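Note sheet for the following structure.
Throughout, protein chains are lettered first and strands after them, A, B, ... in sequence-line order, and every chain is numbered starting at 1. For clarity, every value in this text was computed on a predicted model and none was experimentally measured.
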2 protein chains.
Amino acid sequence: MTENKQGHESEPTAALRNSSLRVTKQRIAVLEAVCDHQHADTETVICAVRENLPEVSHQAVYDSLHTLTEVGLVRCIQPSGSVARYERRIGDNHHHLVCRSCNLIVDVDCTVGQAPCLTPSHDAGFVIEQAEVTFWGLCPECAASSPGRLAPASAV
Amino acid sequence: MTENKQGHESEPTAALRNSSLRVTKQRIAVLEAVCDHQHADTETVICAVRENLPEVSHQAVYDSLHTLTEVGLVRCIQPSGSVARYERRIGDNHHHLVCRSCNLIVDVDCTVGQAPCLTPSHDAGFVIEQAEVTFWGLCPECAASSPGRLAPASAV
DNA sequence: CCCGTTTTCTTGAATGAGTCAAGGAAGCGA
DNA sequence: TCGCTTCCTTGACTCATTCAAGAAAACGGG
């Protein structure tokens, strides 16, 4: 098992407790899976969790991911055309590079200063809470294998 | 009918022709529906199209939207947790305000200068093609009806 | 340390946006 | 008008995600 039983609690356990969530092996495994697989979709998380806990139901993973997202222990991102993906890096307002060809997702730090695009030219009266920036393009490998063109097939 | 038969072609017809697409009444109706319903989802587009063309199949609308998106006559956006939505305003790199409570979407112009967030601090070797910025928050009405709090229920 | 309450997990079925595929209809250049 | 090509209709299907009911586990109080 990946659990830490040496006196002090493992990081996931502490994180769950700090968020007033019950500590279950399923949730610990989900947290660890998200840590180990940056930007993993639910399918990937389920498989990763089952390496340690073969019996988990997909529903438990869905539930855990929702709960963890709600309390802010993981973050859910869903670039257009993609299923839900989860990441553990939270608290900072970082953004994402998404490859149009292979769907690779990479983190990037905030662009300009600290909260770059957090001030739209006019906010239409909205109370703005968060700015989410997604950069679309081609990752190094895909760019290399399709020289000259940006989008190899179609993509928008 | 909304079609223009007075000598020169209607705008949608011309747009289709300019994009080397066959001019069909279904595509014209889809283009007009997207114009008339900013940020409409596919369901809404289908209903709008059927007001003029009661017999259109949902598939024709899906196909048209895909084709129109491919040639750049409409743009498809998919904020997290939302189904695909389409808009006619294209060519400028404008962004969106999305209300977490009622899902209202409003356009905003580019924030800083012309291409605000188009330069991530490090691009991880990506060839960047487009930056997509989504501002999450509460629209004026929802903000008014839930004073003090930003997100009424849960949200991320 | 055990019990009871509450939350969470398992199981299995259902939902719904979007896609696939085959044949008929319409657009459009000759 | 003809014929080729593209597009539309019909209907079945996929698959991520959700719903629901009952069993199991967590954990605070006794």
Side-chain angles (χ1 to χ4, degrees), chain A residues 3 9-10 12-31 33 39-47 49-50 52-71 73 76-86 103 153-154 156, chain B residues 3 9-10 12-31 33 40-47 49-50 52-71 73 76-86 103 154 156:
Chain A
E3 263 181 84
E9 297 178 325
S10 68
T13 302
L16 289 170
R17 244 183 253 293
N18 289 339
S19 300
S20 312
L21 292 179
R22 289 199 175 169
V23 178
T24 68
K25 50 183 190 287
Q26 290 88 343
R27 284 178 176 166
I28 294 172
V30 167
L31 260 181
H39 311 118
D41 58 22
T42 310
E43 179 67 21
T44 305
V45 174
I46 292 176
C47 291
V49 167
R50 283 186 176 152
N52 293 332
L53 244 53
E55 301 300 317
V56 245
S57 62
H58 72 140
Q59 193 59 248
V61 175
Y62 273 99
D63 284 351
S64 297
L65 287 172
H66 286 171
T67 308
L68 295 173
T69 302
E70 240 168 71
V71 301
L73 285 178
C76 174
I77 58 175
Q78 279 182 271
S80 287
S82 167
V83 295
R85 288 163 176 277
Y86 295 86
N103 292 316
S154 57
V156 175
Chain B
E3 263 182 82
E9 295 179 328
S10 68
T13 303
L16 289 171
R17 244 183 254 293
N18 289 338
S19 299
S20 312
L21 292 179
R22 289 201 174 166
V23 179
T24 69
K25 50 183 189 287
Q26 290 88 344
R27 283 177 178 168
I28 293 172
V30 167
L31 260 181
D41 57 22
T42 311
E43 178 68 19
T44 304
V45 174
I46 292 176
C47 291
V49 167
R50 284 186 177 154
N52 294 331
L53 246 53
E55 302 300 316
V56 245
S57 62
H58 72 141
Q59 192 59 248
V61 176
Y62 273 101
D63 283 352
S64 298
L65 287 171
H66 286 170
T67 309
L68 295 173
T69 302
E70 239 168 72
V71 301
L73 286 179
C76 174
I77 57 175
Q78 279 182 271
S80 289
S82 167
V83 295
R85 290 164 176 275
Y86 296 87
N103 293 316
S154 57
V156 180

**OP:** Looking at every strand, decide which applies to T24(A) at a 4.0 Å heavy-atom threshold: base, sugar-phosphate, or nothing.
**Re:** sugar-phosphate

Original post:
Distance check: side-chain N/O of Q59(B) vs OP1/OP2 of dG18(C), anything under 4.0 Å?
Top reply: no

**OP:** Would you indicate which nucleotide in dT17(D), dG18(C), dT9(D) comes nearest to any side-chain atom of A60(B)?
**Re:** dT9(D)

Original post:
What are the two closest non-hydrogen atoms of P12(A) and I28(A), and how far apart are they?
Top reply: CB-CG2, 4.1 Å

**OP:** Write down the distance between NE2 (H58(A)) and P (dA13(C)), rounded to a whole number of angstrom.
**Re:** 11 Å

Original post:
Counting any heavy atom closer than 4.0 Å, what does E55(A) reach on the DNA or RNA strands: base, sugar-phosphate only, or nothing?
Top reply: sugar-phosphate

Original post:
Just by modelled atom types, is the A15(B) backbone N or O under 3.5 Å from a matching donor or acceptor in the S19(B) side chain?
Top reply: yes

**OP:** Return yes if some donor-acceptor pair links the side-chain N/O of S82(B) with the main-chain N/O of Q78(B) below 3.5 Å, else return no.
**Re:** no

Subject >> 5' precedence on DNA chain C between R22(B) and S82(B) (nearest-nucleotide basis) >> reply: S82(B)

**OP:** On DNA chain D, check which nucleotide each of R27(B) and V83(A) is closest to and give me the residue with the more 5' one.
**Re:** R27(B)

Original post:
Can you tell me how far P of dT8(C) sits from OH of Y62(A), to the nearest Å?
Top reply: 19 Å

Original post:
How close or far is atom C1' of dC28(C) from atom CG of L21(B), stated in whole angstroms?
Top reply: 14 Å

**OP:** State which residues pass side-chain contact (heavy atoms from CB on, under 4.5 Å) with D41(B); sequence neighbours excluded, sorted by chain then number.
**Re:** E43(B), T44(B), V83(B), R85(B)

Original post:
Using a cut-off of 4.0 Å on non-hydrogen atoms, how would the nucleic acid contact of T42(B) be classed: base, sugar-phosphate, or nothing?
Top reply: sugar-phosphate

